[in-house]
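Below you'll find the structure, written out as structure tokens, and then a few comments.
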Amino acid sequence: MSKDTISDILTCIRNADMANKETVRIGFTNIVEKIVQILLREGFIKNAREHRENNKSFLVLTLRYRRNRRGRTIFNLKRVSRPGLRIYSTYPKIPRILGGMGIVILSTSQGIITDREARLERVGGEILCYIW
């Protein structure tokens, strides 16, 4: 695991999705918890539960599968801002993913929120990732 926990969880979810795994276990941090809550609320994952093992906390995610005609999953995650290159955006310039079908997760002064919430609250911030 690297120091970039957000890209680690996105990679774990992406790899489990490509391997057709039903569940994936990721390390628990406050940022991870907020991102998982957004994924759960937006319907990208089915269920999330906390699991403790040897004084370490993990989140166990149950993935939701959507397939296209060729049998491949339709679930893409892309890390945008990273520790070496931070990407910030004001609220009018927050990108729309697939015309609003996907979501952008931002870190703002209001906490970690989606692009729709940021536009409603008129707040910009660091673009963490795109999910579609």
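Worth saying up front: this structure is predicted, and the values here are computed from it rather than measured.
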Spacing of Asn15 atom CG and Asp17 atom CG [to the nearest 0.5 Å]: 9.5 Å
pair Lys78-Trp132: side-chain heavy atoms closer than 4.5 Å: yes
Hphob cluster co-occupancy, Val123 + Ile87, side-chain heavy atoms under 4.5 angstrom: no
Intermediate values then yes/no, side chain to side chain contact (heavy atoms under 4.5 Å, CB included), Leu39 and Ile131: CA-CA 9 Å; Leu39 291 175; Ile131 301 170; 3.2 Å; yes
Under 3.5 Å donor-acceptor, Arg25 side chain and Leu59 backbone: no
Considering all heavy atoms, the nearest Arg96-Gly100 contact: CB-N, 4.2 Å
Nearest non-hydrogen partners of Ala48 and Leu40, listed with the distance: N-CD1, 4.4 Å
Spacing of Tyr130 atom OH and Ile97 atom CD1 [to the nearest 0.5 Å]: 5.0 Å
Within 45° cone and under 6.0 Å: Arg119 NZ/CZ vs Tyr91 ring: no
Spatial distance of atom CE (Met18) from atom CD1 (Ile13) [nearest 0.5 Å]: 13.0 Å
Distance (rounded to the nearest 0.5 Å) between Asp4 CG and Leu10 CG: 8.5 Å
CD on Glu22 to CG on Leu63, rounded to 0.5 Å: 9.0 Å
Check: Ile113 and Ile105 side chains under 4.5 Å, non-hydrogen atoms: no
Cluster overlap Ile31 with Phe58, hydrophobic side-chain contacts below 4.5 Å: no
Side-chain ion pair, Glu42 and Arg64, N-O less than 4.0 Å: no
From CA spacing to verdict: side chain to side chain contact (heavy atoms under 4.5 Å, CB included), Ile112, Ile35: CA-CA 7 Å; Ile112 296 178; Ile35 292 174; 4.3 Å; yes
Qualifying residues under side chain to side chain contact (heavy atoms under 4.5 Å, CB included), relative to Tyr88, sequence neighbours excluded: Arg86, Glu126
Same apolar cluster (I L V M F W Y, side chains within < 4.5 Å links), Leu120/Met101: no
Closest heavy-atom pair and its distance - Val32, Thr29: CG2-OG1, 3.1 Å
Exercise: identify the closest heavy-atom pair between Ser81 and Ile127: CB-O, 2.8 Å
Residue pair Leu77, Cys129: steps toward the side chain to side chain contact (heavy atoms under 4.5 Å, CB included) verdict: CA-CA 7 Å; Leu77 305 130; Cys129 60; over 6 Å; no
Close side-chain approach of Asn47 to Leu61, heavy-atom, < 4.5 Å: no
Rounded distance [0.5 Å steps], CD1 in Ile94 versus CG in Asp115: 6.5 Å
Intermediate values then yes/no, side chain to side chain contact (heavy atoms under 4.5 Å, CB included), Thr114 and Arg41: CA-CA 11 Å; Thr114 64; Arg41 187 176 63 226; 4.0 Å; yes
Donor-acceptor side-chain pairing of Arg52 and Ser57 below 3.5 angstrom: yes
Side chains of Ile38 and Ile103 in contact at under 4.5 Å (non-hydrogen atoms): yes
